[in-house]
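Encoded as structure tokens, the structure appears first; notes follow it.
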Amino acid sequence: MAPATSSSAAAVAPAQRLIRFNRRTSAPRQRSPPGSPPPKKMKPMAEIMAKAKFTVVERGDYSDVTCEHCRSGDRSDELLLCDKCDRGFHMKCLRPIVAIVPIGSWLCPSCSGHRRVRSFSQKKIIDFFRIQKHSDHDPKDKCASPQDTRKRRRRSGSLVLQKRRRRILPFVSSEDPAQRLKQMGSLASALTALHMEFSDDLTYMPGMAHRSANQSKFEDGGMQILSKEDTETLELCRAMCKRGECPPLTVAFDSREGFTVEADEQIKDMTFIAEYTGDVDYIKHRENDDCDSMMTLLLATEPSKSLVICPDKRGNIARFINGINNHTLEGKKKQNCKCVRYSVNGECRVFLVATRDIAKGERLYYDYNGYEQEYPTQHFL
């Protein structure tokens with residue numbers, strides 16, 4: 001028979017074992033068998049937390065939250081809270097403004113990292129924009145407008161005054177190649193900061209609108225057709241861009257307006273600025289989209305066939321040209337280019353064209369609404 005143990009001894013033994021267990025601060029080292037791979041190094045906690053997704057935690061009372069821009073707590077239904085720093089921002093105080101409440105988590109401009117820009121070398125810029133190297137083109141003819149190169153017949157007799165239709169002019173790129181690389185580098189940095197790919201064409205992705213849906217004959221009331229001369233000017237500008245002769249524009253970041261586009265050289269009235277590009281999708285698919293740069297492409301007689309351009313994943317410099325406040329006289333004075341839709345070979349296209357002479361260093365602005373008057377611009381700068 002096993003000897004009987006006292007209750008005091010039974011109580012002490014487990015306590016001693018518990019004390020010895022708590023004193024251990026690290027696992028005992030075990031020697032790896034010969035020929036086994038080295039143990040994996042664990043990532044530091046700081047690196048894991050930097051890449052971890054933020055979780056929205058209910059804080060309780062938000063009555064004391066104010067907007068970081070206007071310092072007002074009014075219009076609480078329009079107040080967005082950053083999921084990282086927990087600061088408040090009115091949707092219409094942000095630049096660019098936020099039209100609808102974002103779906104999912106949202107980060108303010110300071111926490112989103114949009115201000116971080118990468119430096120691009122000459123080779124990276126050439127690869128980024130897929131520039132084609134040509135050595136046989138004549139630089140003197142790079143900006144010659146097709147209508148200017150044709151010989152004009154002189155008519156004798158009485159002078160007849162006729163109203164001439166205004167032609168679209170090709171842009172004149174900067175003479176200095178280093179300056180052109182700097183311009184393209186600023187655009188590449190802005191696109192990279194927004195995690196976008198460069199695209200100078202309309203793109204038709206699976207699950208969105210098919211190219212066959214983009215037909216100008218579906219436009220309600222018809223669409224103006226781009227003339228032959230202007231079509232040749234458009235093709236000339238596209239060829240210039242492919243060989244690295246970009247429009248004289250730079251992309252800069254403004255703390256109030258976000259990314260903006262500035263003229264790096266003087267731009268004449270009626271000069272072609274850029275084509276608005278991006279993914280083509282149906283408007284009905286984007287009714288709850290929080291993208292702030294969607295552009296109308298086709299307003300069909302049947303609303304379900306209407307199309308928009310969405311430059312949230314792919315686009316070009318047109319994505320960063322800002323809109324005016326068309327409710328104030330000061331805002332209207334800032335407008336120096338316009339957005340026009342044309343039928344080109346039966347398809348709808350959107351172009352940005354200068355409406356007056358633009359001086360070097362001047363920022364580019366156009367009216368977001370055009371004739372639809374549906375986009376809220378009264379809070380624009």
Side-chain angles (χ1 to χ4, degrees), residues 69-70 78 80 89-102 109 114 186-187 190-191 193-194 196 202 247 249-263 267 269-279 281 283 286-287 289-299 306-312 314-342 348-359 361-381:
H69 289 303
C70 66
E78 299 180 5
L80 298 178
F89 299 86
H90 280 126
M91 297 167 59
K92 295 177 181 178
C93 290
L94 293 167
R95 293 296 181 268
I97 69 171
V98 179
I100 62 175
V101 177
H114 284 177
S186 68
L187 172 58
L191 291 170
L194 297 185
M196 292 176 56
L202 295 176
L249 304 170
T250 58
V251 183
F253 186 85
D254 184 274
S255 59
R256 300 179 64 190
E257 297 187 53
F259 286 107
T260 62
V261 178
E262 300 176 354
I267 300 176
D269 182 19
M270 288 301 296
T271 296
F272 174 81
I273 302 295
E275 178 178 357
Y276 210 96
T277 63
D279 296 337
D281 201 357
I283 292 181
R286 299 282 177 156
E287 292 179 350
D289 199 307
D290 58 353
C291 178
D292 62 345
S293 299
M294 289 190 293
M295 174 65 67
T296 301
L297 178 65
L298 171 64
L299 290 175
S306 297
L307 303 175
V308 289
I309 304 172
C310 308
D312 48 354
R314 282 158 286 273
N316 58 7
I317 199 167
R319 162 70 172 79
F320 302 106
I321 300 179
N322 288 345
I324 63 167
N325 183 342
N326 60 3
H327 294 270
T328 64
L329 181 60
E330 292 75 13
K332 294 179 180 180
K333 288 180 179 179
K334 294 167 62 175
Q335 181 175 354
N336 49 22
C337 55
K338 65 178 179 180
C339 182
V340 289
R341 295 187 297 135
Y342 283 107
C348 303
R349 306 273 284 276
V350 182
F351 305 123
L352 288 168
V353 180
T355 56
R356 60 174 172 82
D357 291 345
I358 304 175
E362 186 178 350
R363 290 182 177 178
L364 273 62
Y365 293 95
Y366 69 102
D367 191 350
Y368 274 10
N369 287 280
Y371 63 90
E372 297 171 56
Q373 301 298 326
E374 293 183 356
Y375 196 87
T377 64
Q378 59 268 28
H379 296 279
F380 282 16
L381 296 179

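What you see is a predicted model, and the numbers here were worked out from it, not measured in a lab.
- In this structure, the separation between CG on L299 and CG on L307 is 9.5 Å, given to the nearest 0.5 Å.
- When all heavy atoms are compared, the tightest approach of T277 to P311 is O-CB, 3.6 Å.
- In summary, D312 and R286 engage in a salt bridge, as defined by a charged side-chain N under 4.0 Å from a carboxylate O.
- Under the salt bridge (charged side-chain N to carboxylate O under 4.0 Å, His left out) criterion, E262 pairs with R363, sequence neighbours left out.
- The minimum heavy-atom distance between Y366 and M295, with the atom names listed, is OH-CE, 3.4 Å.
- Between L364 and I321, the shortest heavy-atom distance links the atoms O-CG2, 3.6 Å.
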Can R341 and L297 be said to form a side chain to side chain contact (heavy atoms under 4.5 Å, CB included), step by step? CA-CA 7 Å; R341 295 187 297 135; L297 178 65; 5.8 Å; no

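- Interatomic distance, NE2 of H90 versus NE2 of H69, reported as 11.0 Å (0.5 Å rounding).
- Remark: E362 engages N336, R356 in a side chain to side chain donor-acceptor pair (under 3.5 Å) (not counting sequence neighbours).
- Taking each heavy atom of P109 and L94 in turn, the nearest pair found is CD-CD2, 4.1 Å.
- Taking each heavy atom of V308 and T296 in turn, the nearest pair found is CG1-CA, 4.3 Å.
- The line from CG of L187 to CE of M196 is 8.5 Å long, rounded to the nearest 0.5 Å.
- Of all non-hydrogen atoms in L298 and C348, the two that sit nearest each other are CD1-SG, 3.8 Å.
- Using modelled atom types, one side-chain atom of N316 and one backbone atom of E275 make a donor-acceptor pair closer than 3.5 Å.
- Listed for the D357 side chain is a donor-acceptor partner under 3.5 Å among the backbone atoms of D269.
- When the ring pair (Phe, Tyr, Trp, His ring centres under 6.0 Å) test is applied to Y276, no partner is found at least two apart in sequence or on another chain.
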Would you sort out whether V350 and L202 count as a side chain to side chain contact (heavy atoms under 4.5 Å, CB included), showing the intermediate values? CA-CA 10 Å; V350 182; L202 295 176; over 6 Å; no

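- Separating the CG atom in D367 from the SG atom in C339 is a distance of 10.0 Å, to the nearest 0.5 Å.
- I267 CD1 to I358 CD1: the interatomic distance, rounded to the nearest 0.5 Å, is 4.5 Å.
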Show your reasoning for whether side chain to side chain contact (heavy atoms under 4.5 Å, CB included) applies to L194 and F320. CA-CA 11 Å; L194 297 185; F320 302 106; 3.5 Å; yes

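- Atom CZ of F351 and atom OH of Y342 lie 8.5 Å apart (nearest 0.5 Å).
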Any chance you could lay out the side chain to side chain contact (heavy atoms under 4.5 Å, CB included) test for V251 and L191, step after step, and finish with the verdict? CA-CA 10 Å; V251 183; L191 291 170; over 6 Å; no

